[in-house]
Structures are given as C-alpha cells and as structure tokens.
Amino acid sequence: MKPIIIGIFATLFVLLAGIAQAKTRIVVTYPYIESLVKQIAPDQVDITTLAKGDEDPHFVVPRPSFIGKLRKADLLIINGGSLEIGFVPPLIRQANNPKIMPGAQGFIDLSQQINLIDKPSKVSRAEGDIHPEGNPHFILDWHNVPALARAITEALARTDPSNAATYRKNLATLLAKWKDRSAAWDKKVLVLRGKKVIQYHRLFNYFVDRAGMQVVGELEPKPGIPPTSRHLEELIQANAGGKVHMIATDAYHERKSPEGVAQKLKVPWRVWPHDVEAVPAAKDIFSFYDALIAGSLP
Amino acid sequence: MIDVLFSAFLLSVVLLGIHSYYGLHIIERGIIFTDLGIGQMAAFGAAIAILVFDGKYMYAVSLVFSLLGALLIAVSTKRTRHHEAFIGLLYAFGMSAAVIALSRAPRGAEQMEHLIAADILFVPMHEVFKTAILYSAIGMVLWFGMKRLRGTWKDVLFFSTFSLTVTSSVNLAGVLVVFSILVAPAYIMSGTGLSFRGKLLGAWGLGMGLNLIAITASYFLDLPTGHTVVALYAFSGMVFTLVRGTGKPRAGGTAEPATS
C-alpha cells in the first residue's frame with residue numbers, strides 16, 4: 001500500500017512542479033511588442049507574434065493556427081486604436097478563451113497608455129480608413145515606449161506573479177537604458193527640424209512630430225485608398241518649388257508611386273521602418289529607432 | 001480546436017446541401033456560369049454597400065444586385081443562343097465594377113479578397129445555424145415548387161431563390177468558394193447516369209468528403225481555408241473529368257450532360 005501512496009504523491013509533485021514551471025504563454029500582434037516583452041521577460045515566457053514586421057499592420061492574413069495559439073494563451077497584448085480591427089476580433093471570438101477576452105485580465109490594449117494624435121472630428125468611411133480613436137501608429141515615437149513597457153511589465157507580473165520581481169528589475173534596467181538612448185535620438189533628429197516630408201500613408205506622424213518635421217502630403221488621396229494619378233499630379237504640382245526633404249514610404253506598399261513622385265520632384269525617397277523587422281536593420285526595439293532615424297537623415 | 005473546425009465543416013455542408021441541387025439543375029440547363037455571374041453581382045452589391053452606406057444594408061443591396069443579375073440572365077436565355085457568352089460578360093462586369101467601387105473605399109483590396117474567398121474558419125456558429133434554417137426553408141419550397149410550377153413561373157422561382165441563396169453564401173464564404181461547391185460535385189455526378197435524386201445524394205456524399213479533407217488540411221498545414229476548399233474542389237472536378245469523363249462531347253465540341 002505504502003509504495004502506491006508514495007508513488008501517487010511523487011506523481012502529483014512532479015505534475016505540480018511541471019505546472020509551476022510551465023511558461024506563461026503570450027500572444028502579441030506586432031514584432032515591436034514582442035521585442036518589448038523580451039526586454040522584460042527574456043526567457044520566462046513563450047511568445048507568439050501574429051504579424052510580420054514587413055506586413056501591412058492593418059491587414060494581417062489570419063491563419064488557422066492563430067486560433068490555436070490564442071486558445072492556449074494566458075495573455076494577449078495588442079496595439080489597439082483599431083489598428084487590428086480587421087483580424088483580431090474574429091480571432092478572439094473563435095478562440096473563445098475567457099482569459100484574453102477584452103476586459104479580462106489577460107487582454108492588454110497598449111493604446112490605452114497613450115494620448116493619440118490626429119483624432120478625427122467626424123468618422124466616416126468616405127474620409128478614408130480613419131481610426132475613430134486617433135492615429136494608432138504611436139510606436140513611431142520613442143518617448144511613448146516607457147509607458148508601454150510599464151503596462152507590459154504590470155500585465156506580466158499579474159499573469160505570472162512568481163517572476164514579478166524579475167520583471168520589475170528588468171523594467172528598471174530598460175527604463176534607465178531608454179533614458180540615455182532617447183536623449184541621444186532626440187539630439188540626432190535636431191537637424192531634421194522644420195524639414196518637409198511626403199509620406200505614403202499617415203504612418204509616420206508621431207515620428208515627424210517628434211523630430212519637428214512637417215508632413216506636406218500623402219501619396220494616398222485618403223488613408224487606405226491607393227494613390228490615383230490625379231492625386232499624385234496634384235501633389236507634385238503643390239510641392240514643385242517647396243523644397244521637400246524626402247518621400248517616406250513603408251516596407252509593404254508598392255514602390256512605383258514614391259519613386260515616380262521623387263523623380264518628378266528631384267528628391268530622394270526612402271523606406272522607413274514602421275515596426276521592428278520592417279527593414280533588416282531594425283532587429284529589436286533599439287535598432288528600430290536607429291534605423292528609422294538613419295533613414296530620415298539627409 | 002475541434003469546435004472551430006466543426007463549425008467550418010458544418011457551414012461547408014450547409015452550403016453543399018443547397019448548392020449541389022442548384023448545380024445539377026444548372027448543368028442540365030447548360031448555364032453553368034450563372035452562379036459566377038450572379039455571385040459576382042452579389043459581390044458588386046456588397047462593394048456598393050461598403051462604398052455608399054459604410055457597409056450597412058450589405059445584404060439588401062447585395063440581394064438587389066444579384067436579383068438584377070438573375071433577371072438579366074433569364075432574359076438573355078430567351079434572346080440569344082450563346083447565353084454562356086452573356087453570362088461571362090456579366091461576370092467580368094461584376095468583377096471589374098466591384099474592383100472600381102472598392103478602389104474608392106478604404107482597405108478595398110482586403111474587402112475584395114474577402115468577397116472572392118472568405119476564411120470560413122471565422123464564421124461564427126450562430127451564422128451557420130441561421131444559414132442552415134434559411135436554406136432548409138428554401139430547399140422545401142424548391143422541392144415542392146419545382147414539381148408543380150411550369151414555364152415562366154418555374155424560372156421565376158428557380159432564379160429568385162437561387163439569387164437569395166447565392167447572396168447569403170457569397171457574403172459568408174465568397175464567390176469562388178460558392179462556385180466550386182456548386183459546380184464540382186454536381187459536375188462529377190452529372191456523368192453517372194443516375195436519377196436526379198441519386199445524383200444529388202452522390203454530390204452530397206462526395207462534397208462532404210472533400211469538405212472534410214479541405215478543412216483538416218487547411219488547419220494542419222495552416223493554409224487559408226477558403227482557397228483550400230476552392231483548390232481541392234476545382235482540382236478534383238478536373239481530375240475526375242479527365243479520367244472518367246462527364247457526358248459525351250457533342251459534334252460541335254461542347255459538352256452535354258449525359259441524361260438530357
């Protein structure tokens with residue numbers, strides 16, 4: 001009888017130890033969130049990222065495996081601000097996991113931490129793909145990162161209390177490092193003050209504001225609507241003598257329109273990263289801003 | 001995961017149930033592309049609803065356009081011998097008109113993709129049930145109506161319920177998914193020489209097998225579900241036709257169903 005009881009207890013112990021050791025499962029929507037999570041929890045969590053860095057963040061093709069990942073997730077961290085409106089709501093619905101439903105402890109919407117800019121006065125599809133909450137591409141400003149890192153740390157600590165101290169310590173390290181790097185980036189972009197840029201989509205507004213630059217036009221006639229020849233012609237006419245610094249496009253749009261407009265205006269055009277992994281140089285949250293600034297300098 | 005796969009499978013079975021009935025009739029009438037034409041008109045209607053009404057009244061606008069498409073096809077069959085050409089033109093018109101409409105709508109490319117082949121893994125269970133109830137009702141009306149009615153009234157019943165069905169299905173699953181489910185099993189069965197009832201049962205059995213394979217494959221290989229269904233149906237239809245043949249070719253070269 002005794003060996004059986006001992007056996008049962010041993011099995012239970014191993015099982016419990018296994019549960020305690022099981023990594024927290026996190027699903028995030030974009031690579032920059034993954035990079036931030038890894039700064040705070042380098043090897044305590046099991047992380048899945050839905051979108052690729054060079055993919056259109058508004059339009060991520062949902063694959064069947066995403067449902068499975070969300071089903072097992074302890075924590076879902078999204079950008080928010082309607083950026084994922086096209087693919088996350090159906091995934092959450094089909095995954096049917098109470099832990100990560102909006103409103104649950106395991107659902108984190110990072111846009112809640114940020115005061116969004118470009119809030120539309122009226123929302124209508126006729127005005128293009130306007131996000132009612134404001135411009136959701138807030139990751140383009142490095143000064144938004146500390147607030148995001150804090151929110152992620154708190155979420156991780158709540159989900160996995162056993163490692164909370166480690167997460168908070170890593171956060172402190174990250175924030176200290178961030179202070180130095182931010183100051184360096186702020187200094188680097190000083191030369192950009194007052195420069196005029198044309199962008200493909202309203203993707204880089206936070207960066208442009210931070211650098212004190214000015215957006216003088218978009219290749220898209222309205223957000224989310226592909227460039228038309230008439231709109232591009234008008235854009236060229238309006239900026240012919242206007243000393244445009246450069247045309248900024250992103251990793252996922254076609255290159256013909258920026259190239260054509262750049263040629264007509266005799267200014268350079270560049271691909272700016274909008275996320276970690278959007279360009280090869282943007283490997284993590286630090287090199288992302290390095291690559292962004294490098295791409296914008298004359 | 002099994003419940004998600006199951007709801008997708010159930011949806012494909014619901015679609016199969018009614019569409020293979022239409023498929024057999026359409027092959028018999030020799031107006032095979034009717035579905036693509038009407039389906040594409042429904043997609044055009046959905047695009048108009050997205051552009052003009054912010055995506056509201058999608059079903060109603062879609063239905064109006066598909067009924068219009070069906071009316072045009074019904075009229076054309078009386079006025080021209082080569083109605084397949086007419087239906088082809090209608091399809092091309094619906095397709096480009098939808099693309100033109102969506103080029104003015106934000107994220108048009110995404111919406112277009114959805115109307116062509118949607119991810120049926122993401123259709124919620126209550127939509128599946130709603131569709132099942134609607135199609136069962138339509139099925140009953142057809143089963144009794146088609147035997148009793150004659151001539152124009154029969155056509156009116158056929159084309160109006162057909163438009164209603166195609167509109168619902170296109171909004172759920174996309175034009176190509178509906179077309180392949182409608183044509184492939186019916187096409188394969190049309191060469192068997194069975195009675196109508198036998199062909200219908202055969203198409204159901206065959207389609208269910210294909211649905212099971214397509215949905216399981218899309219899940220385990222992580223492929224877009226809608227296009228996996230289309231590819232498998234289309235491929236099976238082609239292979240079967242080349243190997244066994246479906247109906248003997250006429251002297252003119254156009255295939256004719258074996259039973260007519």
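Just so it is clear: chains get the letters A, B, ... in the order the sequence lines come, proteins before strands, and each one is counted from 1. Computed from heavy atoms alone, side chains included, the values below leave out hydrogens, waters and symmetry copies.
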- Item | chain A contacts, top residue of B:Val52, B:Leu223, B:Thr225 (heavy-atom pairs, under 4.5 Å) | B:Leu223

- Query: Does A:Gln94 use its side chain to pair, donor to acceptor, with the backbone of B:Leu121 at less than 3.5 Å?
  - Reply: yes

- Item | Heavy-atom proximity to chain A below 4.5 Å, by part of B:Ser103 | backbone

- Message: I need the residue from A:Ala95, A:Pro64, A:Pro221, A:Pro226 with the largest number of non-hydrogen atom pairs under 4.5 Å to chain B.
- Response: A:Pro64

- Rounded to the nearest 0.5 Å, how far does CG of B:Leu221 lie from CZ of A:Arg63? 12.0 Å

- Query: Taking atom OH of B:Tyr59 as the centre, does the number of heavy atoms from other residues, nucleotides or ligands within less than 6.0 Å exceed 12?
  - Reply: yes

